[in-house]
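Everything numeric in this text was worked out from a predicted model, so none of it was measured. Counting starts at 1 for both ligands and their atoms, in listed order.
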Amino acid sequence: MPKRRQRHGTPKGRPRAKVWVAMGSDSDLPVMEEAIKVLKEFDVPCEVDVTSAHRTPDVTATLARGAEGRGVGVIILGAGHAAHLAGVVAAHTTLPVIGVPLPSSSLQGLDSLLSTVQMPGGVPVATMAIGRSGATNAALFAVQILATADPDLRLKLKAYKKVLAAKVLEKNRALKALGAASRS
Ligand code: RP5
């Protein structure tokens, strides 16, 4: 009997786990949209919330505790200033938590980087770079985590890396062509 077609490439047709993307304020959205864009590119469903460790602590804790039950596999959290969102959510779940420090304060994200990365032993937060690159990498890292149990995602990640390399090679070709023209 032919093997049943796998939905989204996951074993036995299980739907792909969701990624929960949350941020401390709607002012964080322009940066966190980079993460959402990458997840869409990989066809990974996500749910998006604004919730704050400081301004809505109870809602944040409830959302964190309920994540597993909502089918979430990985959590991405972006926050600026004295950023405690990732750490607080990590305290309430055993799902992998990825933190994105955001450059919204006058310290341009150094404050949020330190408050996100410097977690005490026992409560890990995988902390990315400050800002847009961090948001992009957070989504890629989430996809990589989900890909450990999803061959289809692994193929997509390999294709993504090939496109990255091709773009650099193309830029190098263009640079060389420019150099040759200006030297002739
Ligand atoms: C943080 O405070 C948020 O993550 C945001 O980066 C920052 C400022 O928030 P708003 O004052 O713009 O709402 O909690």
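Residue contact check for ligand 1: His54 places no non-hydrogen atom closer than 4.0 Å to it.
Counting all heavy atoms, side chain and backbone alike, Ala129 lies closest to Pro101 at O-CD, 3.5 Å.
Of the possible donor and acceptor atoms, one in the side chain of Arg70 sits under 3.5 Å from a partner among the backbone N and O of Leu63. Checking side-chain atoms of Arg55 against main-chain N and O of Ser25 turns up no donor-acceptor pair under 3.5 Å. Arg154 places a side-chain N or O within 3.5 Å of a backbone atom of Ala147 that can act as its donor or acceptor partner. A donor-acceptor pair under 3.5 Å is absent between the side-chain atoms of Asp150 and the main chain of Leu146, judged by distance alone.
Between Ser104 and ligand 1, at least one pair of N/O atoms sits closer than 3.5 Å. Considering backbone and side-chain atoms together, Asp26 places no N or O closer than 3.5 Å to any N or O of ligand 1. Where the criterion is an N or O separation shorter than 3.5 Å, residue side chain and backbone included, Asp28 meets it with respect to ligand 1.
Across the listed options Ala53, Ala82, Gly80, Ser25, Gly80 owns the non-hydrogen atom lying nearest to atom 14 (O) of ligand 1.
With respect to atom 11 (O) of ligand 1, the closest heavy atom belonging to the protein is Arg55 NH2, 3.2 Å. The shortest contact between atom 7 (C) of ligand 1 and any protein heavy atom is with His81 ND1, 3.4 Å. Scanning the protein heavy atoms around atom 12 (O) of ligand 1, the nearest turns out to be Ser27 OG, 2.7 Å.
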Check step by step if side chain to side chain donor-acceptor pair (under 3.5 Å) holds for His81 and Ser104.
CA-CA 6 Å; His81 290 62; Ser104 56; 3.1 Å; yes
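Remark: ligand 1 atoms within the under-4.0 Å shell around heavy atoms of Ala79 are 4 (O).
Comment: Lys167 does not engage Glu170 in a salt bridge, judged by the lack of any side-chain N to carboxylate O separation of less than 4.0 angstrom.
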